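Heads up: the structure comes next, in structure tokens.
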2 protein chains.
Amino acid sequence: MKKVTITDVATYAGVSKSTVSQFLNQRFDYMSVETKERVDAAIKELGYQPNIIARSLKQRSTKTIGVIVANILHDFSTRVIRAIEDYCHTEDYHVIVCNADDNSEKEKRYIDMLRAKQVDGIILFPTSKNKTFYQDLMKDEYPFVFIDRLVPGVEADAVLLNNHQAAQLAVDQFVANGYQKIAVLAPPLFDPITPRLERIEGYQQSLEKNHIRPNPLYAINSALEKVEEQMKKLLLLSDPPEAILALNDRLLYQLLQYVKDQQIQVPQQLAIIGIDDVTFASLYTPSLTTVAQPAFDMGKKAAELLFKQFDNGASKKQVYRFAPEIIIRESCERKGNEI
Amino acid sequence: MKKVTITDVATYAGVSKSTVSQFLNQRFDYMSVETKERVDAAIKELGYQPNIIARSLKQRSTKTIGVIVANILHDFSTRVIRAIEDYCHTEDYHVIVCNADDNSEKEKRYIDMLRAKQVDGIILFPTSKNKTFYQDLMKDEYPFVFIDRLVPGVEADAVLLNNHQAAQLAVDQFVANGYQKIAVLAPPLFDPITPRLERIEGYQQSLEKNHIRPNPLYAINSALEKVEEQMKKLLLLSDPPEAILALNDRLLYQLLQYVKDQQIQVPQQLAIIGIDDVTFASLYTPSLTTVAQPAFDMGKKAAELLFKQFDNGASKKQVYRFAPEIIIRESCERKGNEI
DNA sequence: CTGAAAGCGCTTACAG
DNA sequence: CTGAAAGCGCTTACAG
């Protein structure tokens, strides 16, 4: 089927392309009712649909943004994307979703391609290794917003969890319930992403604030596949921990699998808190105390910041911190209490 | 920062735009090594990036596809999207993700906008109410693929689970383990989406095949918020079921919440199987027997079908059925056996 | 109130 | 081997 263009409509209606274009852009100020109706009829008659690509070329806006996450399968990313998409929908924008898999080369190619496709801006979970690349984006005044992570040396708009506070809420809860030997299960060391760094830091600071000396043996940095092995070692220590904080949902998941396999009693033998309020938190037995991130609010805020950049151009960049919320369930009940 | 265009590169290299364009499109057949190098240098020097929007206008391909799901937050959709995105990445395509929220008006607007943006094709979870609209797409020979659902009267390429078989695997498993009074928990009746229809049908056929007379009181159609209420009624029947099949992950989730709240023993008091292998299946106590859909394979297949349409134009449409797989865990252990 | 013309940044058939 | 020209489908400043 032959595509019908603005020229076809103009011919059919007996007016010029300009007039049709005015009509499409709702500039009726100087248009006679009669032409207006003729154009309207022609459009309906021919089933005309404007080619937005052509418009974009002229207007330098595609009404499309890019979102680059590590992996759309991660719960937090999915929620963030949903929030962004909802916001974009109200603004008549679309969103292109990309998975960078924490691979900075892949991320770079995506950014280049998205820009080549003239997307109006990008929201991304930055990998740690593209610093100069982000700096170039800034120099170009290309609109973008970081989410979940910061990149030292790049002063961009960013939306993050208050990670220190998240760890602190968990530690304080442990302490309030009588636990002193508190371990932490963190992602592997090699990737210096913000949440890991700040949550570990928050964990240590909170221990000190609670007058507990951090035990280096209690700080586990582990890839997902190694959690079982690491946990085994941890619990075989002569002075094993009685509580553990999982720094994200996937680590928590591995931890729970281990705990279940080994039939470890929670919280009697090991109290648990996880950061990220996973869907099965209330279903697990015992139900899980978690620290929730306001993922939707964060996604929405990121979108708002990006759109603000569209409107205002380059202005002072800001880092927004969102407060975590502890959801108290059973996996960290008072020590000594039986459930 | 001023955008650098192909004209700038041409001027800088002292050649024509055509030559630069040839270079960009790797048509080196008749290009002297010297010009090639000059152009190459100019591009690097100026930091030139082609404007793909301009190219798209001319070439009538945006190398972008649209994916419309009901809700990206649904586990199955997320996996499907991930598979599609991976496939597109290998083909240098991008994907625009849209949430139609099972709202046919919203879906229609998305399709219109995506076409207006000259997206090369669309993969969608169709709502049931846009039949004539899909037919128009077919008439236009616009490339699209259905996933998860069929629309009667629209002969499009489609990728679905073998839903009858999925229900049958579950029922057979119940029966094999000694359960005869088997209920089913299904989505509400008002929306005639394929998975619900076919799974219910499969459930009934399997009962009959196993010489069990279907008890209409055992077939629950319930919105998520009503599961608790409906389950209460079901279990108060004078002859309550001893097993129940949850037709999707979200219903399963509600069911488990109810079972946990009421401290119902699984499987002793109620054996459970769910369609969709949820992440917490192995973590739940008892671990959950589920029927898994090969979401990644299905997403990939949908992408392949779409790209085949790009290559071949309109050819005979096909419906692909994917085999479900039962993952046997503990929630449907042999009747009478204690765990 | 409406139209002719130029232009957005590319590609491509064709001429030389 | 390379360039001039037309064209993709729009928008917009300007003329009338």
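The basis for the numbers below is simple: all heavy atoms, side chains too, and nothing from hydrogens, waters or symmetry mates. Naming convention: chains lettered A, B, ... in sequence-line order (proteins, then strands); numbering from 1 in each chain. In this text the structure is predicted, and so the values were computed from the model without any measurement.
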Nearest to side-chain heavy atoms of B:S32, which nucleotide of D:dT2, D:dT11, C:dC10:
D:dT2
Taking only residues two or more places apart in sequence or in another chain, which ones pass ring-ring contact (aromatic ring centres under 6.0 Å, His included) with B:F133?
none
Salt-bridge present (B:K308, B:E304; N to O < 4.0 Å):
no
Whole angstrom is fine here: how far is it from CD in B:E34 over to C1' in D:dT2?
12 Å
Do we get A:R115 above A:Y142's six-membered ring, with its NZ or CZ under 6.0 Å from the centre and within 45° of the axis?
yes
B:K301 charged N/C atom sitting above B:Y320 aromatic ring, 6.0 Å / 45°:
yes
Under 4.0 Å, counting only non-hydrogen atoms across every strand here, what does B:S21 touch: a base, just sugar-phosphate, or nothing?
base
Distance test, side-chain N/O of B:R55 to OP1/OP2 of D:dC8, below 4.0 Å
no
Separation of C:dC10 P from A:K117 NZ (nearest whole Å):
15 Å
Can you measure B:I43 atom CD1 to C:dC10 atom P for me and round it to whole angstrom units?
10 Å
Length of the line joining A:I6:CD1 and D:dT11:C1', which is rounded to integer Å:
8 Å
Contact class for A:F23 (heavy atom, under 4.0 Å): base, sugar-phosphate, or nothing?
nothing
Any salt bridge between A:K108 and A:D112, counting N to O under 4.0 Å?
no
Given Watson-Crick and G-U pairs under 3.5 Å, DNA chain C in dot-bracket ([ ] crossing, | other strand) is |||.||||||||.|||
Write down the distance between CD (A:Q49) and C1' (D:dC10), rounded to a whole number of angstrom.
15 Å
Figure out the CG/C1' separation between A:L57 and C:dC10, and round it to whole Å.
8 Å
Working note: A:D157 + A:K316, criterion salt bridge (charged side-chain N to carboxylate O under 4.0 Å, His left out); need CA distance, chi angles, decisive distance, verdict.
CA-CA 8 Å; A:D157 277 339; A:K316 184 72 112 288; over 6 Å; no
Rounded off to whole Å, could you give me the CG-to-P distance for the A:N25 and D:dT12 pair?
6 Å
Is it the case that over 12 heavy atoms from other parts of the model lie below 6.0 angstrom from the CD atom of B:E155?
no
Atom-pair distance (CD1 on B:I53; P on D:dT11), nearest Å
14 Å
What N/O pairs connect the protein and nucleotides 3-7 of chain D at under 3.5 Å? Give each pair on its own line.
| unit_1 | atom_1 | unit_2 | atom_2 | d |
| --- | --- | --- | --- | --- |
| D:dG3 | OP2 | B:S16 | N | 2.9 |
| D:dG3 | OP2 | B:S16 | OG | 3.4 |
| D:dG3 | OP2 | B:T19 | OG1 | 2.8 |
| D:dA4 | N7 | B:S18 | OG | 3.4 |
| D:dA4 | N6 | B:S18 | OG | 2.5 |
| D:dG7 | N3 | B:K58 | NZ | 3.3 |

I want to know whether B:F146 and B:F125 have ring centres closer than 6.0 Å.
no
Pair A:F307 and A:Y93, ring centroids less than 6.0 Å apart:
yes
Is the phosphate of C:dG9 approached by A:R60 (side-chain N or O, under 4.0 Å from OP1 or OP2)?
yes
